[in-house]
A.B. asks: 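This is the structure I have questions about; it appears just below.
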Amino acid sequence: MCLRFIGGDGTVSKSNVFDLLGPIMVGPSSSHTAGAVRLGTMARKILGEEPLEGIVTLHGSFAETGKGHGTDVALIAGLLGMAPDDERIPDAPEIAKERGLKVRFEKADLGDVHPNTVKFDLTGPKERVEIIGSSIGGGAILIRQINNFRVGINGDYPTLVILHQDLPGVVAQVTLLLATAQINIATMRVSREKKGAQALMVLETDQKIDEAVLDLTRRLPSIKQALAIEPLE
Amino acid sequence: MRAYEDWVVEAETKGLKISSIVLQNQIEELELSEEALFERMGKNLKVMRESVKIGLSGKRRSASGLVGGDAAKVEERRKSGTTLIGGPMSGAIAKALAVAEVNASMGRIVAAPTAGSCGVLPAVLFTLEEIFHSGEEELLSALFTAAGLGIIITERANVSGAEGGCQAEIGSAAAMSAAAAVELAGGSPRQTAHGAAIALKSMLGLVCDPVAGLVEVPCVKRNATGAMIALTAAEMALAGVKSAIPIDEVIDTMAEIGHQMSCSLKETAQGGLAVTPTGRKIRADFL
Ligand code: SF4
């Protein structure tokens, strides 16, 4: 496929009738509008609380053609928790004002990343987080980085994100806990700042991760933070 | 890799419609009941219907101001009784423009198969509904036929302007719509294949060259011409006209042509209409 500098309406290879007829979405572009809403929604889920302030940096095609595709408006809609078919999406900036969410947009070269990439610096009442994600076509997205950690979250599965000390046995504790709770792990990735320092574990699971399991995870030794992200619709 | 021909043969041997074969296939693949599939497809049909209505009202404009109000103009001319090509055809043009305008102005649509090509199928479907007074279930079945062909297209080629040019988006939409129209009009499974093949053949080579990278120019109007090609192809197929090249081979050709197409003509806005003097000016003014 050609390297795309300017966006349009790309889609990924699909296989069932509802991939061909659907999604139901607010236009004009599955990658620049629907995908942008989903990126905003994922960022909100990762923050884990109502965002109050956001600095949103647009890269590549998002920066170049975002305006015409309503990418900025769509990202705000996502941060407000709207779905890609929500007809209030065009009004998201006003709704954000009413709800006390301040968003500032910037444009920057984020390096060697997908042309449709965005960085969120989000602040909530208690938390702060930096997230980088891309809209990879047909409305599909990929969260690539949370704070300093590289991840690969597409929102298809319930996802458990754990910040922990890089020590032997931590991973085993978590997987054991999930096994006991009858939660099957679909994918797993661990990345760390440096040996023995902080590490991030990302697990995609087949079953929903409920509050009780999350709570038990948080109580494990060496775990600093744990977050359960529900899949996107 | 599956072939549409296999579904045609299966439908012929069992004496079923293509939509039944697609449904059967999807019941297994998605592990959903027929009712659940119909219900979910019903949501698509509802949104399609709404988007036609909203677009025809003519109130929506795109952010760039390039698009909006044309559906209403065509509809008005149709209602005045002075049309060059007859009421149903001009109605289809209006409907296709309507849905594409809604998309361009951040309204709600069903990607069919993409957002850029969302107007073709609703235009064809609701035009046939007006002619044949089709019931809800027939319309939904026709959507399964359209989507079924779309599945074959994604397996053998693609439905993305970035990968295959506009022939993959509006072209696929036209082929899917032609198949749906033939079935809805009472044509045979074999005739749906001919209709789809004739429609896609007419779209081969069409490049993706959106001005300023926006899904507006030429996208909106191509939805209307795509719907015309779909209806023309369906009319031929229903009359017994055959496509010399079978649908699966046309789809493979579409993939191959997309492959040979220069990157500048695949949604990068670096070629075609996007780089005309006017296209460049629009881009400079807006961005
Ligand atoms: S020109 Fe490109 S963006 Fe526009 S409808 Fe065709 S494929 Fe889609």
Side-chain angles (χ1 to χ4, degrees), chain A residues 1-37 60-74 77 83-92 107 115-116 136-139, chain B residues 22-23 26 29-30 37 40-41 43-44 47 62-64 102-118 121 143-144 146-151 153-155 158-163 169 176 208 210 212-216 219 262-264 266-270 274 286-287:
Chain A
M1 205 195 302
C2 302
L3 188 60
R4 293 166 55 200
F5 296 105
I6 307 294
D9 180 54
T11 53
V12 284
S13 200
K14 296 169 166 182
S15 60
N16 78 58
V17 285
F18 300 111
D19 293 325
L20 267 304
L21 297 184
I24 294 173
M25 56 170 270
V26 162
S29 160
S30 50
S31 54
H32 286 59
T33 321
V37 176
S61 175
F62 265 14
E64 282 189 57
T65 67
K67 190 175 152 201
H69 288 124
T71 303
D72 45 358
V73 174
D85 67 342
D86 196 317
E87 286 190 289
R88 297 170 305 167
I89 289 171
D91 308 322
K107 289 181 186 178
N116 302 331
I136 56 174
Chain B
V22 176
L23 260 164
Q26 294 292 294
E29 203 156 309
L30 294 171
L37 287 171
R40 211 166 139 192
M41 196 58 93
K43 286 189 189 143
N44 285 338
V47 174
S62 68
S64 72
V102 167
N103 179 57
S105 60
M106 295 196 85
R108 192 159 62 163
I109 53 93
V110 183
T114 63
S117 58
C118 65
L121 187 55
L143 285 180
F144 281 103
L149 176 65
I151 291 174
I153 296 177
T154 54
E155 284 179 15
N158 63 84
V159 296
S160 155
E163 223 178 315
E169 284 200 17
M176 290 159 62
C208 171
L214 305 176
V215 194
E216 301 193 12
C219 316
S262 148
C263 282
S264 64
K266 287 192 276 192
E267 213 178 59
T268 52
Q270 321 240 307
F286 178 64
L287 297 171

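Note on naming: letters A, B, ... go to the chains in the order of the sequence lines (proteins, then strands), and numbering restarts at 1 for each one.
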A.B. asks: With sequence neighbours excluded, what pairs up with A:Asp72 under the side chain to side chain donor-acceptor pair (under 3.5 Å) test?
C.D. replies: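 For A:Asp72, no residue satisfies side chain to side chain donor-acceptor pair (under 3.5 Å) once neighbours in sequence are set aside.
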A.B. asks: State, yes or no, whether a side-chain contact exists between B:Leu37 and A:Phe18 at a heavy-atom distance under 4.5 Å.
C.D. replies: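 Sidechains of A:Phe18 and B:Leu37: in contact.
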A.B. asks: Please look at B:Val102 and chain A and tell me whether the side chain, the backbone, both or neither of the residue comes under 4.5 angstrom of a heavy atom of that chain.
C.D. replies: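 Neither part, no heavy atoms under 4.5 Å.
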A.B. asks: Do you know which of B:Arg40, B:Met41, B:Met176 has the most heavy-atom pairs with chain A at a distance under 4.5 angstrom?
C.D. replies: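 With the most close heavy-atom pairs to chain A, the winner is B:Arg40.
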A.B. asks: What is the ring orientation for A:His32 with A:His69, classed by angle as parallel under 30°, tilted 30 to 60°, or perpendicular over 60°?
C.D. replies: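 It falls in the tilted class, 30° to 60°.
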A.B. asks: Restricting to side chain to side chain donor-acceptor pair (under 3.5 Å), what partner residues turn up for B:Ser62, sequence neighbours left out?
C.D. replies: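 For B:Ser62 the side chain to side chain donor-acceptor pair (under 3.5 Å) partners, ignoring immediate neighbours, are B:Ser64, B:Glu216.
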A.B. asks: At a heavy-atom distance under 4.5 Å, which candidate from B:Lys43, B:Glu29, B:Arg108 has the highest pair count against chain A?
C.D. replies: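 Of B:Lys43, B:Glu29, B:Arg108, B:Arg108 has the most heavy-atom pairs under 4.5 Å with chain A.
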A.B. asks: With a 4.5 Å cut-off on heavy-atom pairs, point out which of B:Leu143, B:Asn44, B:Leu121, B:Ile109 contacts chain A the most.
C.D. replies: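 Ranked by contacts with chain A, first place is B:Ile109.
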